[in-house]
Structures are given as C-alpha cells and as structure tokens.
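The structure appears below as structure tokens.
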Amino acid sequence: MARPRSTLEPLLLALLSSLAVLLLAQAGAEGAAGSVRLAGGLTLGGLFPVHARGAAGRVCGPLKKEQGVHRLEAMLYALDRVNADPELLPGVRLGARLLDTCSRDTYALEQALSFVQALIRGRGNGDEAGVRCPGGVPQLRAAPPERVVAVVGASASSVSIMVANVLRLFAIPQISYASTAPELSDSTRYDFFSRVVPPDSYQAQAMVDIVRAVGWNYVSTLASEGNYGESGVEAFIQISREAGGVCIAQSIKIPREPKPGEFNKVIRRLMETPNARGIIIFANEDDIRRVLEAARLANLTGHFLWVGSDSWGAKTAPILNLEDVAMGAVTILPKRASINGFDQYFMTRSLENNRRNIWFAEFWEENFNCKLTSSGAQSDDSTRKCTGTLPLGIPRAGEERIGRDSAYKQEGKVQFVIDAVYAIAHALHSMHQVLCPGHTGLCSAMEPTDGRTLLQYIRAVRFNGSAGTPVMFNENGDAPGRYDIFQYQAANGSAGSGGYQAVGQWAETLRLDVEALQWSGDPQEVPTSQCSLPCGPGERKKMVKGVPCCWHCEACDGYRFQADEFTCEACPGDMRPTRNRTGCRPTPVVSLTWASPWAAPPLLLAILGITATTVVVATFVRHNNTPIVRASGRELSYMLLTGIFLIYAITFLMVAKPGGAVCAARRLFLGLGTTLSYSALFTKTNRIYRIFEQGKRSVTPPPFISPTSQLVITFCLTSVQVVGVMAWLGAQPPHSVIDYEEQRTVDPEQARGVLKCDMSDLSLIGCLGYSLLLMATCTVYAIKARGVPETFNEAKPIGFTMYTTCIIWLAFVPIFFGTAQSAEKVTGVSRWFRYCLPTEGKGLSCPKSWATHIKNGCLFDPFMYLNTCSLICLSSLPLLVHLVIPLFLCSFMHLFIHASYHRLTFYSITSS
C-alpha cells in the first residue's frame, strides 16, 4: 500500500530539483566521466566506496581495493548473470550507473543526484524547458539521462541515510549491502530503504549474548562518531540494560576528525576502569587500527578483551602488524559464504577485458605495485612498469594475473552485493509477470517503472541467495539476523602467524563453542571482565549504589546463613548454620549421661553421702535403744537422715535422661528432702528453744515436746511442700524440652541444645523456696538458742550447721542467677555450677550435696570429714576460701566435741 505523501515533499522536491540542475550544469560531463555505465532497458544505480575519504581538503583519498573495487565488480558480475539468465526477466536487459562515494556522505549525496536526472529533466521525455541558457544561447544537446529504477548501496550507514532521504522523495527503492545502523529500520523516515544485511540491533543482541556467555558483566564501549558507531553502541547499551547482568563502565566516542593524541587519550580513559577489560567496539577500520596502536604504545598488550562488530569482522587490514594486541579478539560478521563463481570471474579480469570499469586501471597499479604508461607520459624509473600495456600505452594481455602475481581474498560483502542485485531482479521479474503477462520485454505498464509498486514487490521477494541462504525482508526492510562468530587466535604459539577461527554463530540464539576460545596467558581460561569478583560461600553481595554490577562481599556472621546472593538470614532457633554458611543444620542435642565426666563428681559425692548416711542409719538402728540415741531425739534423727538420704538420691534423678516420669520425680523429690530435713531441724531447734525459755519462767515443760508431737509437726511442715508439688503437677504436667538458648555460644560450632525438664530457674527456686524459708527459720532459732547452758551443746552444732548452710546457699544463688545472664556461662566457676548438671537442676545437686555433707559431718558422723575434703576438686579458688575452709573447721571442731556431744546432750535432756 502506498504511503501518503507529506505536504512538504513537493516543496523539498522543487528545492532539490533546482539544486540538482545547478550541480549538474556545473559538473556537466565530469559527472558522467566518474561513473561506470552499462546500457539496458532498466537501469540500476550503484554506490560504492571505491576511494577512501580524502585528506587536506581533497574529496577522495586512496583506492580501496576490497571494499571498493571488489564490491563494484560484484555488482557487474551479478548483472552479467541476470542478463544471461533466460528465465529471469526474459527480453529485459538490466543496465547500471555505478558511482564512487569516496566514503563521504556529502559527496555521495552529490553523486546520487545524478540518479534523479531523468525525473528532474522532464522525466526523461526530452522536455528541456527546465534549463534555459542566458542571452538566448542554444542549449547544448546531450544524451538523455537513464531513468534509475532502484539503487544498490550504499556501504556506510551515514552515506545510506543521506542518500535515502533524497531517494524517498523520488520514490526510488534502495537496497544496501552493508549499512547496518538501527536508525535505518525506521520505516516512517526511510520507507524506501531495504537491506540484505541484518541491522545492528541484531548484531548488538549477538554481542550482548557473547559477553554474557563468557561471564563478563562489566565492559566499556567504543564507537566511531557517526550513525553506525553511535547507533550500534546505543543498541548494545539498551539491550544490555533490558537483559540485565551487564553494566557499562564507560562509553567513549571517537571523533570523526580525531586530533593528534586522541587515541592515547581514549586508552587512558579506558584504564580509569581497569576491571572493565572487555571493550565493545563499533568503529571503522582506521579507528580500530589506531586504537590497537595506542594500546600497544601504552604497553597494554593482552589487557583489553576486544569484541568487534562487523566493521572489524574477519579483516586483516585493521590488525596488520598488530596481531599481538588483537590476540583473542572476538568479532562477528553477517553469515556469509565465498562465492566461487565470483572468484573465477574476478581472477580472470584484466586491463584488456575489463574496460567498462573506469577505476580498474588504478586498481591494477595498486594491486601489482606497478605503473601504467601512455604516449607522451614520463616514466618514473623508481616504479616498475606494468606488463599489461604495450610501449605506446595500448593494452595487451600481460603477465600480471590476479591471484597469481598478487594476493587475493574475496571481500566479505561480495555475497550481499550479489543478493541485493538479485533481489531487485526478482522483484522486477514478479512485477513484469503481473503487469506484462505473456509479454517479452518491457510493456507500457512498466515504462516508466513505478517506484512504489516496485517497493512492494521487493519487500515480498523470497529466494535462495548466492550462498544458498534465504533472502527476504521484514516490514521494515531488514534482513533476518544471521551471524558467524570469529576469534583471532595464534598459530604455533605466534600471534603473527595466526588467523580468524570460527567459534560459533548467532541466529536469534547464540551457539558459542566456549572450549574453542583461546586467550592470552592461559589459552583455556576465560579472562574476567568484572567490576567485583564473585562472593564466596556464606557471603552476601552488598551492592554499590548506582552500579548494579559492583558490590562488596559481606560475610554472614553469627547464626546467619546465605539465603541468596544478596541476603543473610538467621537460622531457626533449633538450627545453626553449616560450616560454609550456605544453609542451616540441626543443632546437636546433649544431655547428661551416666558416662559423662561431668556426672562423676556429683555422683561420687552422692554415693559417699548415701554411704555415710547409711552407716549412720545402721549405727542408729544398731544402738536404737541406747541412751545416747534416745537422748539425741531418735525419731527426729531418723526423719533428718531420711531427708539427707533423699537429698543425696536426687542427684541420680538429675543425671537420668529427662522424660515424663523423671521430670515428675524431680519436681517431687527436689524439694522434699530439704523440706524434710529442715522441718526436722526446725522442730528440734524450736523444741530446744521452747524448753529453755520455758525453764526460765517455770518448771512446767512446754507443750508438744513429745516424740509423737515432734513427728506430727514435722509431717505437717513437710506436707505443705508435698501438697504444693502435687498442685503444680496437676496444673502443669511435666515433660522434657530442648533448651537451645542455654548453650547458644558465640561460635555456632560450639552450640548445643540441652535436653531438660520444663523447669525454669525461677520455678526451681520456687520449688526450693519453702525449704529456704524453713532453713532461715532454723537459723533464727539456732541464733536464739545460742545462749543455752554450755553443758547442753546440741544447739551449737545445729547453729554451726545452719550458718555454714546459709553461706553455701548465699554463695550459690547469685552465682547461679548471675551465670544465667552471662555470655561466659560455661567458663570458670560458672562452668561447674551450670554445666555439671545440664538439666533443669543444673548445679543444684552440688550445693545441696555440700550442705548435706555438713549436716552429716556436724550432726552425725565425725568421719564425714573425708567426704567434705572431696569438695576441693569441685571448686575454684573463691569457693575454696569461702566454702571449704569453713567445712574443714567444722570437721575439726566436730572431732573435738563429738566425744562429749551425745553424752552431754543425754544428761541435759534428762535433767530438764
């Protein structure tokens, strides 16, 4: 469907027509002399960079043998084949008008205006009213210009953009064989432009895929100023931003006219981010070469990792004598193949059979490094004469032959030039079949050929090109993206003798043989181009603000593990991190076992205490009816010994593995023994105090001093503890728990879960609170009874026992609760107190055993001195000073008073 013409187009058309008339009148025949003409019924235009850009004010520079002459000859070759094919455009011969752009967009625009001469000069019908000579001088008559139906070219994107803006005004379709700028895909601005090469947006996508495939995420870009370089880099940056994972360190542009030292400045800027070793380069051949030279001059050979666009491709010119700097460079080219037919055609070209190419003689001199002479010309003795001419300058078959006397390699875009010619030929053929059915040659419907109609047929073509690959266009006139990927690799250890090796291809997806890549240094190890090295196991990335590819590695400490690459999370309470902190593992659970060395001391004390208690009980039973036993308060003594036995026995419950039954027994017997003991002592001290206080006022004995009364009082006091424990068991049934906070050390490797009964420290003290109350009451009565007659000294051992017991408990309680809040709970003295029994009793067995030993030693058996001495191995220096020395004194005092103790007690009681 034809695109509506803008209202400005007639004005632009008139302006360009006037400009073209002036240019053509000024150039005259000079323009025709600078072109290759082939006669034909339909004429195709061609734009080729036969010469490089000129310097010092010159329009054109040196000849470009490959990019210029090879490509121009490729179009001539394709036209010969089309015209020789009887099945393609039968009866219609294609002609050509081929121009040199001199690699300059402004000059190319001037040349391209010759394509629209026929339209400007009365559409080729002989109407010359548009050009009038002053003074009525008759106009010079010249051959009418050819009407160009389509144009093949140009090469550079900047040239194609300039020309496309003019050709679209005259509805002349254009097919480029090398322009890849993404800007040309804008069908609203360049609606008559098509190309047989994929745009740089595909190329940029391929380059992004390559960068990601080799593991680079921090690169710089380098572009030549102009549409090709800037559009290519812009597409690369846009695609990398959308795909993610690739950051741009720097984006540098090379000026169109670089000043001296400009490329050294470029290298210095690239070294401002030395970690960005990967350099994405969209630049022309000259800029590529000068960048490599600057890198060598800065002694940075092997530092940069080049990824070149198709302007680098597999060309040797940009890296000639710079192979060591280019070592490892990865480049891409639109998928192509060498056309054997063109090789045979071009290698047989000579000055004799190729006179239609006006630049071929210049190519011959450049290619064979010789000089052609003509009649009257001076010969330069320093230059060899070409043997392809006779002495008078008449061409003849000489000895020079392309490919034999000079190096020859088919230029990479030859295939696409041929495909562009064939695309126009197939479109004209389809158009001819529709508009001129059954007609040989052109019919009136195709004279003149409508450019808009031809464009529709060009966009609809689909055929196998010269390399066997499909040729087609999308709605924007772009060819599908198919690329070959190369890497410059050394051969036999020498970069100078190396070459480009195919390492992959891209056709919507990347297929890269990473193992085939070779690099400087270690050939098999892919070098890095990263802002930050990957974090190790157990480390998270702390991103640098504004630079998503740069980060600092931060270790997950404490009980945290690496949840993902950016986050550390705390392990659940029952777990600890693995050694590499990439996950969590269950915290080992420990409990006191019978074989544990920590259980040995309290068990030994308990066994010694039970043995001593058993010996005392046996002695009392044996002498049950003797005056001494009866005088000591036989019933209360048995109650006291029973409590002492229970206190020693509770140690075995503390060592046993926690369970429902064990936890219930602990609750019951933990305070029962102490309650029974202190109840008996309370009853005894209260009895002694009341007897002597009553004796001061009256000879009548106080009530409730009989053995039966004493037992009833003791049982009543004890029943309070039993009733309280039973209520506790009913309200909160006992069970075992695992305490992971008890031994949650700073180092997770030392953390342990403790299997224990569900009893907190506060509940333990509450369980023993009643016993402590009885103990305090006993101590008060012991103090009150200190003034009894010296002949009755039972109160003094009881008092000493209670004083020492209070000292033990007063020392134990602050240590017990202090270590509960201390991070160093398993060191020094606290280690023994809290770890000797890692259950809910913790260190309670130790002070209770000490207090019980004191009761045995001071109240019953002087031989408990041996048991008391065993405490030395269980305490540190502070406990030795505050606890053991009084126990020694207690034992020694008992040795002196024991002999008279029972005897005096008996007489005192009986006398009262």
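In this chain, residues are counted from 1 in sequence order.
Side-chain contact, N686 with T683: no donor N or O sits under 3.5 Å from an acceptor N or O. Defined by atom type and a distance below 3.5 Å, a donor-acceptor pair is missing between the side-chain atoms of T745 and D747. For the residue pair T675 / S771, a side-chain donor-acceptor distance below 3.5 Å is found, with atom types taken as modelled.
The pair R579-E749 counts as a salt bridge, with a side-chain nitrogen and a carboxylate oxygen less than 4.0 angstrom apart. Between D758 and R667, at least one side-chain N (NZ, or NE/NH1/NH2) sits under 4.0 Å from a carboxylate O, which counts as a salt bridge.
Between L755 and V590, the closest side-chain pair of non-hydrogen atoms is not below 4.5 Å. Side-chain contact between C571 and R576 is absent, with no heavy atoms from C-beta onward closer than 4.5 Å. Between H735 and V737, the closest side-chain pair of non-hydrogen atoms falls below 4.5 Å. Two residues are said to be in side-chain contact when any heavy atoms from C-beta on lie closer than 4.5 Å; N624 and Y638 meet this criterion. The shortest distance between side-chain heavy atoms of M543 and F566 falls below 4.5 Å. No side-chain heavy atom of M775 sits less than 4.5 Å from a side-chain heavy atom of S677. Annotation: side chain of W594 is in contact with side chain of F652 (closest heavy-atom distance under 4.5 Å). C584 has its side chain within reach of P572: a pair of non-hydrogen atoms, C-beta onward, lies under 4.5 Å apart.
The backbone N or O of F682 lies less than 3.5 Å from a partner atom in the side chain of T685, making a donor-acceptor pair. Proximity of a side-chain donor or acceptor of R687 to a complementary backbone N or O of S706 within less than 3.5 Å is not detected. Using a distance-only test at 3.5 Å, with no hydrogens or angles considered, a donor-acceptor pair links the side chain of T611 to the main chain of I607. Side-chain N or O atoms of R752 include none that pairs as donor or acceptor with a backbone N or O of R744 at under 3.5 Å. Remark: side-chain polar atoms of Y740 are not paired, donor with acceptor, to backbone N or O of A751 under 3.5 angstrom. Under the 3.5 Å distance criterion, the side-chain polar atoms of R690 are matched with a main-chain donor or acceptor of P703. Between the side chain of Q562 and the backbone N or O of G538, at least one donor-acceptor pair lies under 3.5 Å.
Here the closest non-hydrogen pair linking G753 and T587 is N-CG2, 3.7 Å. Across P586 and M575, no two heavy atoms sit closer than the pair N-CE, 3.7 Å. Scanning all heavy atoms of the two residues, the minimum distance from E635 to L711 falls at CB-CD2, 3.7 Å. Minimum heavy-atom separation, R666 to A656: NH2-O, 2.8 Å. Across R581 and P748, no two heavy atoms sit closer than the pair NH2-CG, 3.7 Å.
In this model, C531 has its SG atom no nearer than 2.5 Å to the SG atom of C549. Cysteines C663 and C757: SG-SG separation is under 2.5 Å.
Here T674 contributes atom OG1 and I644 contributes atom CD1; the two are 11.5 Å apart, rounded to the nearest 0.5 Å. With rounding to the nearest 0.5 Å, the separation of OH in Y678 from CG in L772 is 7.5 Å. The line from NZ of K657 to OG1 of T593 is 10.5 Å long, rounded to the nearest 0.5 Å. Here the straight-line distance linking atom CG of L681 with atom OH of Y781 works out to 14.0 Å at 0.5 Å rounding. Distance check, rounded to the nearest 0.5 Å: CG of D557 to CD of E539 gives 11.5 Å.
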Practice prompt. For the pair R212 and V246, evaluate side chain to side chain contact (heavy atoms under 4.5 Å, CB included) and give the outcome as yes or no after the intermediate values.
Written response: CA-CA 7 Å; R212 299 180 67 181; V246 178; 3.7 Å; yes
Item to complete: I would like to know whether C553 and C535 meet disulfide bond (SG atoms under 2.5 Å apart); could you show each step before the answer?
Response: CA-CA 6 Å; C553 294; C535 294; 2.1 Å; yes
Worksheet item: Does the pair L668 and V725 meet the rule for a side chain to side chain contact (heavy atoms under 4.5 Å, CB included), with working shown?
Response: CA-CA 6 Å; L668 178 62; V725 171; 4.1 Å; yes
Item to complete: Please lay out, stage by stage, how W216 and T528 fare under the test side chain to side chain contact (heavy atoms under 4.5 Å, CB included).
Response: CA-CA 6 Å; W216 300 343; T528 60; 5.6 Å; no
Practice prompt. List the steps and the verdict of side chain to side chain contact (heavy atoms under 4.5 Å, CB included) for L605 and T651.
Written response: CA-CA 9 Å; L605 286 178; T651 302; over 6 Å; no
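At least one test fails for K542 against the ring of W551: distance under 6.0 Å to the centre or angle within 45° of the axis.
The side-chain hydrogen bond (donor to acceptor under 3.5 Å, both in side chains) search around H552 returns none, not counting sequence neighbours.
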